[in-house]
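What follows is one structure encoded as C-alpha cells, with my remarks underneath.
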Amino acid sequence: QIRVTFLSWGSVLVILVVVAALMKITAVYSRLWFSLWATSGFIGLFTYRRVLIIFLRELRRRGWNRKSIVIFGAGDLGKMVSDRVREDESTGFDIAAFFDDNETLQGSVYNETKILGRQNSLTDFVRDNKIQEVWLALPLRAEQRVKEVMYELRHSTTMIRFVPDIFSFRLLLGHAVTEVAGIPIVDINYSPMSGLNRLMKGIEDRILAAIILLLVSPVLLLVSIAIRIDSRGPILFKQRRHGWDGEIIKVYKFRSMVVHEEDNGQVTQATKGDSRVTRVGAFLRRTSLDELPQFFNVLQGRMSIVGPRPHAVAHNEFYKDQVEHYFQRLKVKPGITGWAQVNGWRGETDTIEKMQKRVEYDLYYIQNWSLWFDLKIIALTIFRGFVHHRAY
C-alpha cells in the first residue's frame with residue numbers, strides 16, 4: 001500500500017510540477033507550502049486507504065461483504081485458484097464446494113472443501129446454498145463442458161466466471177484481457193512497456209541517467225586518461241547488440257581489452273586471466289566501471305538503467321535455440337544492471353545452465369516490473385552489484 005500510494009501520488013506531483021514549469025507559474029507557489037501539501041496529501045491518501053481496508057476486513061471477518069462461490073473443476077487449475085483465493089483474505093470470497101466430473105476425486109476434500117460430482121445437482125446446490133458466483137476452472141479444450149454447465153445454470157441468476165488455463169504457458173510474461181474492436185483478447189505474451197508504463201520508465205531513465213552522469217563526470221575523465229595512457233586504441237568500445245524488440249543497437253563501454261579482431265564475426269567472452277584484458281581494463285571490469293558510458297545509451301533511449309543485460313548479436317544467435325524463451329528477454333529495453341546481475345548471475349556464461357538462470361531472472365523481472373522494483377534493483381546494485389568475483 002505504501003508503494004502504490006507513493007508511486008501514484010508521486011506521479012501526480014511530477015505532472016503538476018511539469019505543467020507549472022511549462023506555464024511559468026512555479027514562482028507563484030511557495031516551495032514550503034508545496035512540500036507540506038505534498039507530504040500531507042501522501043499521508044492523507046495512505047491513511048484513507050488503510051482505514052478503508054481495515055474496515056472491509058473487519059466487515060468480512062464478521063461475515064458481511066462476503067461472497068460464496070463454487071469452483072467447477074478440481075484439477076491443478078481449480079486447486080491453484082482455491083489456494084490463491086484463500087491466501088488473499090481481502091477478496092472476501094468463500095469457497096463452498098468444488099464440482100468435478102472425475103469420479104476419483106468426487107467425495108474427497110481439498111483445503112477443507114468437499115469435491116462433488118455429477119450425482120449432485122449444480123443448480124440445486126447453487127440455489128440451496130445461496131451461491132453468488134460459479135467459477136469454471138477448466139482446460140481450454142473443455143469448450144463443450146463449459147456450454148453444458150452454462151445451460152444447466154440457465155435459470156439461475158448466479159454470476160458465472162471462466163478461469164482460462166493460461167497459467168500453464170511457460171511463455172507467459174504477463175497476462176491481461178484487453179479489448180480490440182469490441183473483441184475480448186487474452187494477452188499471453190506481451191511487454192509491460194506500453195502506455196503510461198513506457199512514459200514513466202522513460203522519465204525515470206533519463207532523469208536518473210542525467211543525474212548519474214553529472215555526478216560521475218570526474219570519474220569518466222580519469223578513466224579516459226588511464227585508458228589512453230595504458231594502451232593504444234580508442235577510449236570507447238562500441239559493440240552491436242540486440243535491443244528492445246530485437247533491434248540492433250550500438251552499446252558503449254570503456255575499452256578494457258587490447259585492440260583485436262576476431263574471425264567471421266565471432267565474439268569470444270572474456271575468461272579468467274584473459275590475455276586480451278589490459279591492466280586498466282581488468283580493474284574496470286572487476287569494478288563494473290567499464291559500463292559507465294552506457295548511461296549515454298540510456299539518454300539516447302536505446303537502453304534503460306534497469307533491464308536484462310544486452311548480449312552480443314553472435315551470442316544471441318547461439319543461445320536462442322539452446323535456452324527456451326531466450327528471446328523473450330528482449331520484450332523490454334536492455335539495462336545497465338538487472339535482477340539477474342544483483343542475484344549473482346553476471347560475468348562469463350560458460351555453461352548453458354548459467355545462461356538459463358540468467359534468462360529465468362530476466363523473465364521474472366519483466367513479469368513483475370514496476371518502478372518500485374527498478375528502484376530496489378538500483379539500490380541492490382549500489383550495495384552489492386559493482387564488484388563481483390565473476391566479473392573478469
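FYI, side chains are in, hydrogens and waters are out, and symmetry mates aren't considered; it's all heavy atoms of this structure. If you're wondering where the values come from, they're calculated on a predicted model, not measured in any experiment.
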Compute whether any side-chain donor of one residue and acceptor of the other, for [X] and [Y], lie under 3.5 angstrom apart.
X: S156; Y: T158; value: yes
X: D290; Y: S256; value: no
X: N102; Y: T104; value: yes
X: D100; Y: Y110; value: no

Who pairs with I235 by side-chain contact (heavy atoms from CB on, under 4.5 Å), at least two apart in sequence or on another chain?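 Once residues adjacent in sequence are excluded, the partners of I235 under the side-chain contact (heavy atoms from CB on, under 4.5 Å) criterion are S224, I227, R228, F254.
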Can you check whether [Y]'s main-chain N or O pairs, donor with acceptor, with [X]'s side chain at less than 3.5 Å?
X: D205; Y: I305; result: yes
X: N343; Y: W339; result: yes
X: S304; Y: G307; result: no
X: D230; Y: A226; result: no
X: R302; Y: N297; result: no
X: N129; Y: V126; result: no
X: S82; Y: G78; result: no
X: R358; Y: M355; result: no

Could you walk me through whether K357 and E353 pass the salt bridge (charged side-chain N to carboxylate O under 4.0 Å, His left out) check? CA-CA 6 Å; K357 293 300 293 185; E353 289 72 22; over 6 Å; no
Quick one: do E112 and R86 satisfy salt bridge (charged side-chain N to carboxylate O under 4.0 Å, His left out)? Show the steps, please. CA-CA 11 Å; E112 302 179 355; R86 290 180 181 278; 5.3 Å; no
Can D76 and K79 be counted as an ion pair, charged N to O under 4.0 angstrom?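 Not counted as a salt bridge, because no side-chain N and carboxylate O are separated by less than 4.0 Å.
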Heavy-atom count around R141 CZ within 6.0 Å, excluding the residue itself: above 12?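 12 or below, so no.
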Which ring pair (Phe, Tyr, Trp, His ring centres under 6.0 Å) pairs, counting each pair once, include a residue from residues 116-145, with sequence neighbours left out? F93-W135, F99-F125
Between [X] and [Y], which heavy-atom pair has the shortest distance, and what is it?
X: L330; Y: W244; answer: O-CD1, 3.4 Å
X: R240; Y: V313; answer: O-CG2, 3.4 Å
X: I249; Y: G243; answer: CD1-CA, 4.0 Å

Aromatic rings W37 and F34: how do their planes relate, parallel, tilted or perpendicular, breaks at 30° and 60°? tilted
Hydrophobic cluster identity match, [X] and [Y], side-chain contacts under 4.5 Å:
X: Y252; Y: L299; value: yes
X: M200; Y: V18; value: no
X: L284; Y: L215; value: yes
X: M150; Y: F72; value: yes

Going through the distances and angles, do K67 and D94 end up as a salt bridge (charged side-chain N to carboxylate O under 4.0 Å, His left out)? CA-CA 6 Å; K67 289 184 178 181; D94 295 320; over 6 Å; no
Check whether NZ of the Lys or CZ of the Arg R329 lies under 6.0 Å from the centre of the six-membered ring of F327 and within 45 degrees of that ring's axis. no
Under the criterion salt bridge (charged side-chain N to carboxylate O under 4.0 Å, His left out), I'd like the reasoning laid out for K201 against D374: C-alpha separation, chi angles, the key distance, then a yes or no. CA-CA 9 Å; K201 177 78 166 175; D374 275 357; 2.7 Å; yes
Have a look at Y326 and tell me which of Q356, H311, K320 forms a side-chain hydrogen bond (donor to acceptor under 3.5 Å, both in side chains) with it. H311
Within the 6.0 Å centroid threshold, strictly below: W9 and F46: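 When the ring centroids of W9 and F46 are compared, they turn out to be at least 6.0 Å apart.
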